[in-house]
Amino acid sequence: MKKLLAAATAWAMLCASPTIGHAETVKIREGTEVVVRFEDAITSATAKAGDRFTISNSESIDIGPGKSVPEGFIGAGEVTHAKKRKAMGQAGELNVRFDYIKIGDQKVRLRGSKAGEGDARVGTTVVLTVLFGPLGLLKRGKDLEINKGQSITAFVDSDVDIEWPLPAPPLDR
């Protein structure tokens, strides 16, 4: 009977031990800074609202004492507004939003966006119109481009629990 009790106690301790195959849950807090890298180039010349693009975390994400998420986890974003450049010096416009970074099976929702407009050429258009008449109205503004590899800061949108230890980030980006 003592051997049976000792075996049951050892089994219970083995099952309760966090060092033997049990995952720990770690919380990534809302507002945690995430440096996001564009893995696709986007331009107002070709993009349209609803287009999806790939992002990744370009730096490790500090999540607490002695723990960080390594760079390289993949996520997604979306174009929310795009307008091509036009005649008469009007610049192109492009707005994007970051949706999430996927760490293992868990999507970490992000909040962050980038908006901008290409160079307007309205002043140049006015000068050309004065000098050359209606031909000056053909001058176009510039489209806005976001290059692959460009980085910007986003933030975790709400607290999320992830399992620790983490899986390795994907190798193909």
Side-chain angles (χ1 to χ4, degrees), residues 25-64 67-126 128-129 134 136-164 166-173:
T25 300
V26 177
K27 187 177 295 287
I28 300 178
R29 300 269 178 211
E30 182 268 333
T32 300
E33 192 172 286
V34 179
V35 179
V36 173
R37 175 179 41 233
F38 289 86
E39 297 297 334
D40 300 319
I42 308 166
T43 175
S44 61
T46 58
K48 57 187 177 303
D51 285 354
R52 305 286 292 168
F53 56 90
T54 304
I55 59 175
S56 67
N57 62 311
S58 65
E59 296 179 6
S60 62
I61 304 167
D62 183 21
I63 58 173
K67 291 190 174 139
S68 65
V69 174
E71 71 175 273
F73 285 96
I74 302 298
E78 182 177 353
V79 175
T80 57
H81 172 77
K83 186 171 99 175
K84 295 179 185 180
R85 67 185 181 156
K86 293 186 177 182
M88 297 181 13
Q90 293 181 352
E93 298 174 4
L94 184 63
N95 298 355
V96 297
R97 168 184 75 222
F98 308 121
D99 291 336
Y100 65 87
I101 294 286
K102 190 169 183 184
I103 301 173
D105 293 331
Q106 185 69 43
K107 286 184 179 177
V108 177
R109 295 274 171 209
L110 300 175
R111 70 172 176 261
S113 61
K114 180 169 179 61
E117 157 177 311
D119 290 337
R121 307 289 181 166
V122 176
T124 305
T125 302
V126 170
L128 289 174
T129 304
L137 296 175
L138 299 177
K139 178 69 178 167
R140 293 181 165 267
K142 282 196 161 195
D143 283 310
L144 180 68
E145 296 179 9
I146 298 174
N147 297 319
K148 179 179 178 175
Q150 184 174 336
S151 294
I152 192 167
T153 301
F155 300 91
V156 174
D157 194 39
S158 61
D159 288 355
V160 63
D161 292 325
I162 59 171
E163 287 192 17
W164 195 268
L166 298 173
L171 296 176
D172 56 333
R173 284 194 270 165

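All residue numbers refer to positions in the sequence shown, counting from 1. Only heavy atoms go into these numbers, but all of them, side chains included; no hydrogens, no water, no symmetry mates.
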query: What is the distance from atom CG of L144 to atom NZ of K83, rounded to the nearest 0.5 Å?
result: 12.5 Å
field: Gap separating the CD1 atom of I103 from the CG atom of N57, nearest 0.5 angstrom
entry: 6.5 Å
task: Using atom types as modelled and distance alone, determine if a side-chain donor or acceptor of D40 lies under 3.5 Å from a backbone N or O of T54.
output: yes
- line: Scanning both residues in full, the closest heavy-atom pair of S151 with S58 reads OG-OG, 3.5 Å
Nearest non-hydrogen partners of T80 and V96, listed with the distance: OG1-N, 4.0 Å
statement: Taken to the nearest 0.5 Å, the spacing of T32 OG1 from F155 CZ works out to 10.0 Å
query: Atom CD1 of I101 and atom CD1 of I55: how far apart are they, to the nearest 0.5 Å?
result: 4.0 Å
query: Excluding sequence neighbours, so at least two apart, what forms salt bridge (charged side-chain N to carboxylate O under 4.0 Å, His left out) with E30?
result: R111
query: Minimum heavy-atom separation for E59 to V35, with atom names?
result: OE1-CG2, 3.5 Å
task: Using the test side chain to side chain contact (heavy atoms under 4.5 Å, CB included), find all partners of K27 that sit at least two apart in sequence or belong to another chain.
output: R29, D159, D161
message: Counting only heavy atoms not in E163 (residues, nucleotides, ligands), do more than 12 fall under 6.0 Å from its CD?
response: no
query: Would you say I152 and F98 make side-chain contact, with heavy atoms under 4.5 Å?
result: yes
query: Are T153 and E33 close enough that a side-chain donor and a side-chain acceptor fall under 3.5 Å?
result: no
- request: Say whether, by atom type as modelled, one donor and one acceptor occur between the side chain of S44 and the main chain of L94 under 3.5 angstrom.
  value: no
- request: Determine, stepwise, if the pair D99 / R52 fulfils side-chain contact (heavy atoms from CB on, under 4.5 Å).
  value: CA-CA 10 Å; D99 291 336; R52 305 286 292 168; 2.4 Å; yes
message: Can you tell me how far apart NZ (K142) and OG1 (T43) are? Round to the nearest 0.5 Å.
response: 11.0 Å
- prompt: Are any non-hydrogen side-chain atoms of N147 and F38 less than 4.5 angstrom apart?
  reply: no
